[in-house]
Amino acid sequence: MSEVSAELARQFGLNDEEYARVLAILGRTPSLTELGIFSVMWSEHCSYKSSRIWLKQLPTKAPWVIHGPGENAGVVDIGEGLAAIFKMESHNHPSFIEPYQGAATGVGGILRDVFTMGARPVANLNALRFGSPDNPVTRRVVDGVVRGIGGYGNCVGVPTVGGEINFHPAYDGNPLVNAMTVGIARADRIFLSAAAGVGNPVVYVGSKTGRDGIHGATMASAEFGQDAEAKRPTVQVGDPFTEKLLIEACLELMATDAIVAIQDMGAAGLTSSSVEMAGKGGVGIALDLDAVPQRETGMSAYEMMLSESQERMLIVLRPGREAMARAIFEKWELDFAVIGHLTETGRITVRHRGAVEADIPLAPLADQAPLYHRPIDVAPPPPPLEPVVDPIGLGPALLRLIACPDLCSRAWVWDQYDATVGGQTVKRPGAADAAVVRIDGHKRALALTTDCTPRYCAADPRAGGAQAVAEAWRNLTAVGATPLAITDNMNFGNPEKPAIMGQFAAAIEGMAAACRALDFPVVSGNVSLYNETEGRPILPTPAIGGLGVLEDAADAVGLALAPGLDLVLIGHTAGWLGQSLWLREITGREAGPPPPVDLAAERRAGDFVRARILAGDIRACHDVSDGGLLVAVAEMALAGNTGARLATDPTIPPHAFWFGEDQGRYIAAIPDGDTLLAAAAAAGVPALRLGRSGGTGLTLPDGLAISLDELRAAHERFFPAWMDGREAEPGSGG
Amino acid sequence: MRVGIVVFPGINRERDMAIALERAAGHAPRMIWHRETDLAGLDLVVIPGGFSFGDYLRCGAMAAQSPVMTAVRAHATRGGYVLGVCNGFQILTEAGMLPGALLRNAGLRFLSRDCHLRVERADTVFTRHYQQGEVFRAPMAHGDGNYFADEATLDRLEGEGLVAFRYATPAGELTPEANPNGSARAIAGLYSPNLRVLGLMPHPENLVDPLLGGEDGKPLFASLAEAFAA
C-alpha cells in the first residue's frame, strides 16, 4: 500500500492547501481509503468548488418547482397530480477515451438520477459536440458515441426522442456528450436522498462491485494530456440489461412504504452516495464492506469505496422491511445486501476484514470542502461586423448551408435510436422543434428540447448564455407547449484560467437574465470543467435541456409544411450576420458579435405564437435559428415534402434578410395569413408574410427555383457518406 | 379476447403491446412473468419486443430456454395462437417454433424508423382486416432483423404461403432500398404451417393511434379482437 503523503494527495488531485485541511479535520494522517474519499468528494466533479459561487446566481424557484438543484434531479409539477423529473449530465471525458462505453454509461447514469427519485423514465435526449469532420478521429468518436447511446437506451427501453449535434475543431480532443433523461412520477411520491432513522439498515442493490471506474470523478476533473488513452481503465462499462431490471425492481419497491431514502451510486460510487445521504440527513453511517457484493476477489476497501461500477443503488430502509425488499430484488435477479446502518455519530465509518479503514466526520467533509472564487477575466465582445457582400446568391448559399455538417439531416443518427418504444412518442426526432411525449393514460404531454449555440457563446458568453435559454424556450413554444423549467449542463475549459472562468461567469449571467425574463427556472444541472486537451479549451458550451407541458397532446404542432398555407414570419428581422452560419460556411469567417436576444420581445413573440397554436390557427411552426430564415423554410418544406413560393421584398440586403440569425423569430404556416398578421399587429408583435406553400420546390424571391429532390439530396448527403468513408466533406463545421 | 403477454427480464415493449391490445379488445391483457407456466384458457399468447436477458447471447436464445416457452410450445401444439414481435419473433425462431434466424441487419447498425409492409395474405386470424397486397406502415426498431433461411426452406415457406409480410415500397414493390435490414426475399413476418403462430420484426403496436402518427397497425389488432370476440 502506498504511503499517504502530500505527494500522494497531489496525485489524487488534492493540492497542498486542501491536503492540509484534511489533516486538520482528522487530526492525523489519513488512511489510503480516507484520502480516496476526501479526494473524490472534493474533486471539481463532486464538489463544484470552482462553480458553486456562480451557480447561486441562477433563478431556481417558481410556483411549479417542487425540487430545484440539490437533489438527484429537478422536479416540477405538471398538473393532474403528476411531476416531471429531469436532469442533464455530461460524460465528456470518458466519451473521448472510450466513446461507446463513455456514452453508454452516460445514459445509464442520468437514467439512475431520475428513477432514483421515483420516476419512470419516459424520454432520453442528448446534446453532442464533436471535433471537425476533417479530423480522422472524429468519425470514430461519432460512431462510438452514437452506438453507445443507442446500445444503452434502446436496450433499457426508454425512447431517445431528441437532441442536437454540432461540429467544431475546438472539440477535436474533447467531444461533449450531455445526456438528459425525463421521467414521470406521482407528485406525492417523490423519493429523496436524505437518510434518516438511526439504526435503519443501509442496503446495496444492483450489480456487483468491481475494479472498474476507480477514480473516474478525479479523471473528470483534470485536463487531458497526450496520455488520455492510458486513462481508459478509469472508464466504466455499462450493462443496460441490469439497468432495466434495476428500474423495474426499484419502482416496484417504491410502490411500497419501505424506502426512507435512496440514491444511485454515480460518480465516486459508494463514497459519494453514502456520504451525501448521511450528510444530508445529519446522521452517521457505518458500512461493512465485507457484505458488499463483489465481482472480483481480493478487493481493498479503497477500491470498493472508489469503484464506479455501474447499475448500483444505495437505499435506507424502514426497519423490518428487509425481507420484503429482498424478495423484490431476488425476483429481478439482482444483488441485495444489507451493508451497514445509520448511526448517531455524525461520522462515516468503513470496516473491512475486521479493521476500520475510514472514520471521517461528515459535517467538515461537506462544510469545509474547498470553495474557490477564482479570478475571472471577461473578454469584451467582438466589434460589430462591417457590411458583408453576398458572393454567391441565395440559391447556391442555401444548398451549401443545408448540406453543411451543422445543418444537414441527422437522420443517420436518429435512425439508430429507438424513438417509439413506450408507445407515447407524439413528435419524433425531426418532426417538430421539440420532441413531444404523451403521458401514459393522460391527454397531457411533455415537450422536450436541448439547445446551445457554442459559437455564439465563444464570441460573447453572456449573449450566448441568454440565447441558449431563449432558444430552448422558443423550441418548446414552437410546438405549442408552455415552457416550465430547464436543466443546465455547463461545459467549459480549465477554471484555473481567468479567461475560462470569465466565460463561465458571463454565461451564467446571461442565462440568469433569460431565465428570469422567461419564467424559466433552473431545477437541476451539472458542471463539466477542464474540457481541454494540451491546453486548448472547448468552446464554452452551456447546454440547456428544456421541459414544457401541453395540456392536450393533440394541440402539438410540428414543422412539416402542408400545401395551401400562408407562411408568416413572427418577430423582428434586422439581418444579423455576426457569427452566422452563412458567414462561416459561405465566406469562411467566424466573426462579429452573436445576435443579441431582446428578452422582452422574445417573450412577447413566444406568448403570441403559443396562444395562436393553442387556438388551433397554426398548422406548422418552426423557430428561426442556425442558418436563418431560408434554411428554416427549407427545413419545413423537406419535413412536409411540400414546396413554397417566397415573395417578400425586404428593405435590407437579401442575403442578410434570408440568412441573418436574428433571435426571437418563428415561421408559422396558416391557411389565412391575414388574420395572423392582424392578430400580431394587435399584440404589438412584428409579423411579415413570406409566401405560400405548395408545389414540389422552393421558388426564391429572386426567381430561382430549387426542387425538393435537389434540396433533399444536399440535405441528406453528409452523414451517410462521411460515415461510410465515401467522401471527405470539405468545409467542415468551422 | 383472452390474451397473455409473456414478459422476460429485459423485455421493454410489453406496455406498448398491452395498449394496442386493450384499444382493440376493450380490456387489458394478462401479463405473464417468464417463470409462470400456466397458460390455460388463453386464446392468444404474445411475446413482445425488447432485449430479453439483454440479448447478450444470440437475440432470443436465452429466453427460448425459459420455462414459460415449454408452456408456449404446448399452447401452440394444442392449436393455440401465438404472436411474436421483434424480440418475440427472434425468440420464436430460437425456440424452433418458426424456421430460420434473424441475423444482424445488413448495414450492421440498429435501425429505428418506419418501414412499409406488404400483406402477403389477408385470410388469417391476424390479417383479415387488411386487404390482400395492401401496404401498411410500421415502425421498426432492431439491430438483428435480417431474416435468413436456406434456399430450400425459403422455397417451402413461399410454396406453402407462410410468408406473412414483406418489406416493400409504399406502392408495394419489392426493391433493395425498401428492404432495410437485408432480409431474405424481403421477409418481415412468417406463419407456422397451421397459420396460428405469427412472428414479425416491425412494430404494428406502435402505430395504432392517429396522434402518434397513424393507425396502420390497428387492423392487425382489430382482426384478433374480432376473431376472439367471445
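Chain identifiers are assigned alphabetically (A, B, ...) following the order of the sequence lines, protein sequences preceding nucleic acid strands; residue numbering begins at 1 within each chain.
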Checking heavy atoms, do the side chain of Ile11(B), its backbone, both or neither come under 4.5 Å from chain A? backbone
Among Leu245(A), Asn154(A), Thr242(A), Thr160(A), which residue forms the greatest number of heavy-atom pairs with chain B at distances under 4.5 Å? Asn154(A)
Is it true that Glu248(A) and Lys331(A) have a side-chain N and a carboxylate O under 4.0 angstrom from each other? no
For Gln90(B) and Cys59(B), which heavy atoms make the closest approach, and how far apart are they? OE1-CB, 3.2 Å
Cut-off 4.5 Å, heavy atoms of chain B, and the answer for Asp239(A) is both
So what's closer than 4.5 Å to chain A heavy atoms on Asp209(B): side chain, backbone, both or neither? side chain
Any luck finding a side-chain donor-acceptor pair between Thr124(B) and Tyr191(B) under 3.5 Å? yes
Quick one: are Met69(B) and Val6(B) in side-chain contact, heavy atoms under 4.5 Å? no
Using a strict 4.0 Å threshold on nitrogen-to-oxygen distance, state whether Asp143(A) and Arg109(B) make a salt bridge. yes
Parallel, tilted or perpendicular: ring planes of Trp722(A) versus Phe719(A), cut at 30 and 60 degrees: perpendicular
Between Phe228(B) and Tyr81(B), how do the two ring planes meet: parallel, tilted or perpendicular, split at 30° and 60°? perpendicular
At a 4.5 Å cut-off on heavy atoms, which part of Ile19(B) comes close to chain A: side chain, backbone, both, or neither? side chain
Counting heavy-atom pairs closer than 4.5 Å to chain B, which one of Gly422(A), Gly150(A), Ala553(A) comes out on top? Gly422(A)
Can you tell which part of Val436(A) gets under 4.5 Å to a heavy atom of chain B, answering side chain, backbone, both or neither? neither
Ring pair (Phe, Tyr, Trp, His ring centres under 6.0 Å) assessment of His34(B) paired with Phe53(B): CA-CA 11 Å; His34(B) 71 120; Phe53(B) 298 95; 5.7 Å; yes
Honestly, the part of Trp332(A) sitting under 4.5 Å from a heavy atom of chain B is side chain
Side chain, backbone, both or neither: which part of Thr420(A) has a heavy atom under 4.5 Å from chain B? both
Go through Asp114(B), Asp55(B), Asn87(B) and name the one with the most non-hydrogen pairs under 4.5 angstrom from chain A. Asp114(B)
Is Pro9(B) close to chain A through its backbone or its side chain, or both, or neither, when contacts mean heavy atoms under 4.5 Å? both
For chain A, find which of Gly10(B), Ser52(B), Ser112(B), Pro210(B) contributes the most heavy-atom pairs closer than 4.5 angstrom. Ser112(B)
Applying side-chain hydrogen bond (donor to acceptor under 3.5 Å, both in side chains), run through His142(B) and Asn181(B) and close with a yes or a no. CA-CA 9 Å; His142(B) 59 248; Asn181(B) 53 29; 3.0 Å; yes
Let me know if Gln424(A) has heavy atoms under 4.5 Å from chain B in its side chain, its backbone, both or neither. both
Sort out for me which of Ala431(A), Gly157(A), Ala411(A), Ala419(A) touches chain B most, counting heavy-atom pairs under 4.5 Å. Gly157(A)
